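Heavy-atom basis, side chains included; hydrogens, waters and symmetry copies ignored. Since this is a predicted model, take the numbers as computed values, not measurements. In this chain, residues are counted from 1 in sequence order.
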Amino acid sequence: MRTVATEVDLSVARVVEWLETGVAPDRTFAADCFADVSLPHWRVQFATGAATIAGRRRWHPYPGVVRVERVDRTESGFVMAFEERWRHEGQNWYCREQLTADVDDAGEITELRVYCTGDWDEARQAEHAAEVTLIRS
């Protein structure tokens with residue numbers, strides 16, 4: 001299926017809003033959306049859009065800020081690389097992620113694959129900053 005740029009743009013905007021607030025705008029996910037989420041030491045899957053939303057609430061209930069690094073359109077949807085930052089238990093947390101989404105003609109995500117580096121607390125971020133100089137941020 002070929003997606004239209006506008007559908008992808010709307011889908012990306014809805015995903016970012018969902019990630020930042022925990023609330024998925026209408027039409028973010030198709031009812032039968034399949035999601036596969038890979039974490040550094042764990043993997044979970046969800047069989048519906050509602051289960052995907054509930055899974056996010058369970059595994060990462062913290063509102064925050066998403067910085068989109070890149071969005072590439074694909075034949076069936078998009079790939080998005082991004083960072084998330086949030087506050088929890090008195091600390092600033094961070095993670096990097098990449099997701100691939102298949103989008104239907106209505107702009108709803110029908111399949112979602114997410115890869116996450118895992119959550120870095122302030123100590124992990126400081127350790128990384130002391131050991132590594134990034135060429136690009």
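- I109 has its side chain within reach of C33: a pair of non-hydrogen atoms, C-beta onward, lies under 4.5 Å apart.
- For the pair F29 and A24, the tightest heavy-atom approach, listed with the atom from each and the gap, is CE1-CB, 4.4 Å.
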Could you please spell out the steps behind the side-chain contact (heavy atoms from CB on, under 4.5 Å) verdict for V66 and E17? CA-CA 9 Å; V66 169; E17 182 177 337; over 6 Å; no

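- Electrostatic pairing of R124 and E127 counts as a salt bridge here, judged by a charged N lying under 4.0 Å from a carboxylate O.
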Using side-chain contact (heavy atoms from CB on, under 4.5 Å), reason through H128 and L134 one step at a time and then give a plain yes or no. CA-CA 10 Å; H128 182 265; L134 296 175; 4.0 Å; yes

Any chance you could lay out the salt bridge (Lys or Arg N to Asp or Glu O under 4.0 Å) test for D26 and R14, step after step, and finish with the verdict? CA-CA 8 Å; D26 289 342; R14 287 191 291 259; over 6 Å; no

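- One hydrophobic cluster holds both I53 and V103 under the rule that ILVMFWY side chains link at heavy-atom gaps under 4.5 Å.
- With hydrogens and angles ignored, the 3.5 Å screen pairs a side-chain donor or acceptor of W93 with a backbone N or O of H88.
- Put simply, OG1 on T52 and CH2 on W18 are 6.5 Å apart, with the number rounded to the nearest 0.5 Å.
- Of the possible donor and acceptor atoms, none in the side chain of E122 sits under 3.5 Å from a partner among the backbone N and O of Q91.
- Here the CG atom belonging to D36 is positioned 9.0 Å from the CG atom belonging to L112, to the nearest 0.5 angstrom.
- Residues W59 and V114 share a single hydrophobic cluster, defined by chaining ILVMFWY side chains whose heavy atoms lie under 4.5 Å apart.
- Of all heavy-atom pairs between G118 and C95, the closest is O-CB, 3.2 Å.
- Distance check: S38 OG to L99 CG gives 12.0 Å after rounding to the nearest 0.5 Å.
- Both L39 and F82 sit in one connected hydrophobic cluster of ILVMFWY residues. Membership requires side-chain heavy atoms under 4.5 Å apart, directly or through other members.
- Atom CG of D104 and atom OG1 of T110 lie 6.0 Å apart (nearest 0.5 Å).
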F78 and D72: side-chain contact (heavy atoms from CB on, under 4.5 Å), yes or no, with the steps? CA-CA 5 Å; F78 64 93; D72 293 315; over 6 Å; no

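- In terms of modelled atom types and a separation under 3.5 Å, the side chain of R27 and the main chain of A106 share a donor-acceptor contact.
- Here W86 and Y94 keep their ring centres 6.0 angstrom or further from each other.
- Residues G90 and R87 approach most closely at O-NH2, 3.0 Å, considering heavy atoms.
- Distance check: Y115 OH to R43 CZ gives 7.0 Å after rounding to the nearest 0.5 Å.
- Neither V79 nor V68 shares a network with the other; the hydrophobic side chains, linked directly or stepwise wherever heavy atoms of I, L, V, M, F, W or Y lie under 4.5 Å apart, form separate groups for each.
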What's the verdict on side-chain contact (heavy atoms from CB on, under 4.5 Å) for E97 and L19, showing C-alpha distance, side-chain angles and the deciding distance? CA-CA 11 Å; E97 297 172 75; L19 294 172; 5.5 Å; no

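- By the 4.5 Å heavy-atom criterion applied to side chains, Q45 and R113 are not counted as neighbours.
- Atom CZ in R70 sits 13.5 Å away from atom CE in M80 (nearest 0.5 Å).
- For the pairing with E84, the salt bridge (charged side-chain N to carboxylate O under 4.0 Å, His left out) check across R96, R56, R67 returns one residue only, R56.
- Without hydrogens or angle criteria, S11 side chain to E7 main chain gives no donor-acceptor distance under 3.5 Å.
- A donor-acceptor contact shorter than 3.5 Å is absent between the side chain of E108 and the backbone of A31.
- In this structure, V44 is not a member of the same hydrophobic cluster as F34, with clusters built from ILVMFWY side-chain heavy atoms closer than 4.5 Å.
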